[in-house]
Trainee: 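Got a structure for you, questions after.
FYI, side chains are in, hydrogens and waters are out, and symmetry mates aren't considered; it's all heavy atoms of this structure. Whatever order the structure lists ligands and atoms in, that order sets their numbers, starting from 1. All residue numbers refer to positions in the sequence shown, counting from 1.
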Amino acid sequence: MPVNDIDAPQRISADHLIPHIPGVIFQLHRARNGHMRFPYIEGGGVALKHIDRDLLAQNAGELVEQLTGNDHPKIMSAIERSARWMLPLTTRFLLPFPKEKPHWIAVSARPKTVVDGVQWNGIMMDINDQVSEEQRLRKLCDTDPLTELPNRRKLMVHLTNIASLSTRHGTPLSIMMIDIDHFKRLNDRWGHLHGDDVLKQLATQAQSLLRCEDMIARLGGEEFMVVLPLTSLQHCHTLADRIRHAISVYDFGMGAGQVTLSIGIAEFRCGEPLTSLIERADQALYNAKDIGRDCVCLLR
Ligand SMILES: Nc1nc2c(ncn2[C@@H]2O[C@H](COP(=O)(O)OP(=O)(O)OP(=O)(O)O)[C@@H](O)[C@H]2O)c(=O)[nH]1
């Protein structure tokens, strides 16, 4: 073999290469009347195995709707925005797989105006591992590691959203500030590890007494907050007293009656800053401590 042949650049054809790449290369065409088709879609991995490519090549609309499920409106508005402003198309969706959990797929494509509509050339990648890692990290950021309840950060985001819904619809919203009484004494007497166990059990017990739309979070130390959408102050008072009583008779492993709670409650006034609402609940909690603990106080 001549020496030159060894160093000669290999001719690699895209047709041979593309079936082996971990993704899909595609061309999407959308006509002015909205008709969509994929004149080209090729790639490796398992994503294309269960998909009718002939149908995609002729009339993709219905199949895209099936394949993107709940993400369909999001995909269609991303396509629309990309077509209207000639911006890159970047989005992600959950692709169902037979006998498997759905996989997250990322789409990235460039639009181009063609005579009868818009054409995108782009790639799709399976990003399931990255999304799982993102979800794991987000959970870590939002969760109190001891009790596994949402933490202060997550609660404040939630409270902001719920308060804005309450302002928009004029619906009631209340919060509870919960603090364990004489927790220092409990730690000193039974040990810090037992104190930790009390915090964990308290989280479970309180959660079991709340509705699934309520959120209880650990703010730090022995302090918790509950956000109760669609709940008036009066109803919140009843619930708070139910939690207070349940904990006061619960046996945390030291005999019943060893752990009690002071609870301050307040109701959101439409449009007020959240700091005012929290200050009122905090003040009500101080009042509960002041009048002897193991009770619920409210501030109107
Ligand atoms: N075991 C345990 N103790 C904690 C944790 N975080 C805070 N604490 C303890 O909680 C105690 C809180 O004490 P204080 O703020 O004096 O309140 P208290 O003893 O509950 O008294 P009152 O609130 O006035 O009824 C401190 O001793 C902290 O060390 C935790 O994660 N685990």
Side-chain angles (χ1 to χ4, degrees), residues 135-160 174-210 214-228 231 233 236-268 274-300:
Q135 285 168 344
R136 192 184 70 80
L137 292 175
R138 190 168 315 129
K139 190 155 187 262
L140 268 183
C141 278
D142 285 344
T143 308
D144 167 52
L146 179 70
T147 59
E148 293 186 5
L149 289 179
N151 60 16
R152 181 189 290 269
R153 204 188 78 85
K154 168 101 177 169
L155 178 113
M156 286 312 295
V157 171
H158 178 70
L159 181 56
T160 306
S174 297
I175 62 168
M176 296 180 199
M177 283 286 197
I178 303 179
D179 190 280
I180 304 178
D181 296 327
H182 299 305
F183 196 52
K184 184 173 178 331
R185 239 161 46 187
L186 190 145
N187 269 330
D188 292 345
R189 179 162 176 213
W190 299 91
H192 211 265
L193 282 182
H194 204 94
D196 283 357
D197 201 47
V198 168
L199 291 168
K200 284 195 257 183
Q201 288 193 59
L202 172 63
T204 313
Q205 291 306 311
Q207 228 168 1
S208 71
L209 293 166
L210 293 164
D214 303 330
M215 179 187 279
I216 176 165
R218 184 180 177 206
L219 299 184
E222 79 299 14
E223 203 176 9
F224 298 81
M225 196 204 276
V226 187
V227 174
L228 302 116
T231 308
L233 194 63
C236 178
H237 191 274
T238 311
L239 275 168
D241 206 51
R242 193 177 300 157
I243 293 174
R244 181 205 60 75
H245 178 258
I247 296 302
S248 72
V249 295
Y250 185 78
D251 184 355
F252 284 85
M254 311 161 284
Q258 297 292 317
V259 178
T260 60
L261 302 177
S262 294
I263 306 181
I265 64 170
E267 183 171 350
F268 180 60
L274 288 181
T275 44
S276 310
L277 170 70
I278 294 170
E279 269 167 30
R280 278 203 307 287
D282 244 340
Q283 186 54 53
L285 172 61
Y286 281 121
N287 295 348
K289 293 277 179 189
D290 266 358
I291 61 171
R293 297 175 173 82
D294 190 17
C295 63
V296 178
C297 279
L298 56 89
L299 213 69
R300 286 189 196 279

Trainee: Taking all atoms of both residues into account, what is the closest heavy-atom pair of L155 and A217, and its distance?
Mentor: CD1-CB, 3.4 Å

Trainee: At a 4.0 angstrom heavy-atom cut-off, what protein residues surround ligand 1?
Mentor: D179, I180, D181, H182, F183, K184, N187, H192, G195, D196, L199, R218, G221, E222, K289, R293

Trainee: According to side-chain contact (heavy atoms from CB on, under 4.5 Å), who are the partners of R189, at least two apart in sequence or on a separate chain?
Mentor: Q258

Trainee: Under the side-chain contact (heavy atoms from CB on, under 4.5 Å) rule, collect the residues that match up with R136, sequence neighbours excluded.
Mentor: E133, L140

Trainee: Using atom types as modelled and distance alone, determine if a side-chain donor or acceptor of T147 lies under 3.5 Å from a backbone N or O of A203.
Mentor: no

Trainee: Closest heavy-atom contact between I291 and C297?
Mentor: CD1-SG, 3.7 Å

Trainee: What residues, two or more places apart in sequence or in another chain, satisfy side-chain contact (heavy atoms from CB on, under 4.5 Å) together with Q135?
Mentor: W104, V131

